[in-house]
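Everything on this sheet refers to the single structure shown next.
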Amino acid sequence: MAGDTPYSTMLSKLYYSESKTGEKTQVAYVQEIPEFDPAPEGIEWSALDTDFTGQVPGRRSADTIAIPVLFTEEQHDTLKALDKATDYWWFIELPSETASQTGKPVVFYFQAKVRLGMAALSVDEMLQETLTLYKSTAVEESKGLPTGSGVGG
């Protein structure tokens with residue numbers, strides 16, 4: 001089928017907001033976004049009348065997401081000022097060219113508390129920080145960023 005080729009992760013964007021439908025602030029210069037919606041751990045089962053074990057999906061563990069970002073002082077100050085006791089909304093927007101409807105790419109979102117830490121300093125390396133998100137809700141998704149007029153505008 002034409003147009004059914006995989007896409008690059010380039011130009012995926014990370015945003016945060018105080019509310020799901022409120023104004024979003026983009027986190028710039030994100031190096032990577034590690035796994036953020038893992039499958040639940042498996043639960044093994046067995047029975048006396050069978051000679052094998054099986055697995056079923058169990059619970060998802062509460063996970064943290066460590067996102068490396070390139071250091072800029074302005075962004076550092078903005079992220080450092082975020083309230084450490086607040087669950088902010090975090091949005092991962094896939095590249096716009098992946099959308100079947102113009103301007104509405106898949107967006108994954110969840111709530112998480114945030115901490116910012118400096119990464120190791122090495123010769124000839126870019127200055128990086130680690131943005132750590134402590135998820136408190138399941139990951140949801142929409143087509144386009146959630147807006148005041150409804151999910152995905």
Side-chain angles (χ1 to χ4, degrees), residues 3-44 55 57-153:
D4 285 342
T5 58
Y7 291 95
S8 167
T9 59
M10 289 289 295
L11 302 179
S12 291
K13 297 175 184 168
L14 176 67
Y15 298 90
Y16 65 91
S17 178
E18 291 187 21
S19 68
K20 183 163 68 171
T21 59
E23 183 178 336
K24 286 132 185 93
T25 302
Q26 184 179 353
V27 178
Y29 308 112
V30 174
Q31 292 280 103
E32 71 173 281
I33 299 174
E35 184 175 23
F36 57 89
D37 193 17
E41 296 292 323
I43 297 174
E44 271 194 20
Q55 274 199 346
R59 296 178 183 260
R60 292 177 190 241
S61 59
D63 47 319
T64 59
I65 306 163
I67 302 173
V69 295
L70 295 179
F71 177 87
T72 66
E73 186 174 6
E74 182 179 349
Q75 179 167 276
H76 167 84
D77 292 345
T78 300
L79 293 171
K80 199 70 171 178
L82 293 176
D83 182 8
K84 291 168 182 43
T86 299
D87 275 318
Y88 290 93
W89 285 91
W90 295 87
F91 306 86
I92 299 168
E93 182 183 55
L94 298 185
S96 59
E97 68 265 19
T98 65
S100 57
Q101 184 181 355
T102 303
K104 295 196 180 282
V106 172
V107 175
F108 299 97
Y109 57 94
F110 53 89
Q111 283 187 284
K113 289 181 173 54
V114 62
R115 294 293 187 284
L116 186 66
M118 197 67 191
L121 304 176
S122 301
V123 174
D124 295 331
E125 290 292 329
M126 300 295 292
L127 289 174
Q128 291 185 35
E129 293 185 289
T130 301
L131 183 70
T132 303
L133 303 179
Y134 300 88
K135 279 179 22 188
S136 59
T137 63
V139 175
E140 299 178 63
E141 68 178 76
S142 65
K143 302 290 176 124
L145 288 164
T147 63
S149 61
V151 173

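- Between V114 and K84, the shortest heavy-atom contact is O-CG, 4.1 Å.
- Across V69, T72, L121, L70, a single residue satisfies side chain to side chain contact (heavy atoms under 4.5 Å, CB included) together with L127, and that is L121.
- The backbone N or O of A119 lies less than 3.5 Å from no partner atom in the side chain of E129, so there is not a single donor-acceptor pair.
- The distance from atom OG of S12 to atom CD of E93, rounded to the nearest 0.5 Å, is 8.5 Å.
- Here the two rings, on Y16 and F91, have centers that are 6.0 Å apart or farther.
- Distance alone, capped at 3.5 Å, is enough to place a donor-acceptor pair between the S142 side chain and the G144 backbone.
- No side-chain heavy atom of Y15 sits under 4.5 Å from any side-chain heavy atom of T25.
- In this structure, W90 contributes its side chain and L14 its backbone to no donor-acceptor pair below 3.5 Å.
- I67 places none of its side-chain heavy atoms less than 4.5 Å from the side chain of E32.
- Of the possible polar contacts, none joining the K20 side chain to the W89 backbone as a donor-acceptor pair under 3.5 Å is found.
- With hydrogens and angles disregarded, no donor-acceptor distance shorter than 3.5 Å links the side chain of T98 to the backbone of L94.
- By the 4.5 Å heavy-atom criterion applied to side chains, V27 and L79 are counted as neighbours.
- Within the 3.5 Å criterion, the main-chain N or O of G22 finds a donor-acceptor partner in the side chain of K24.
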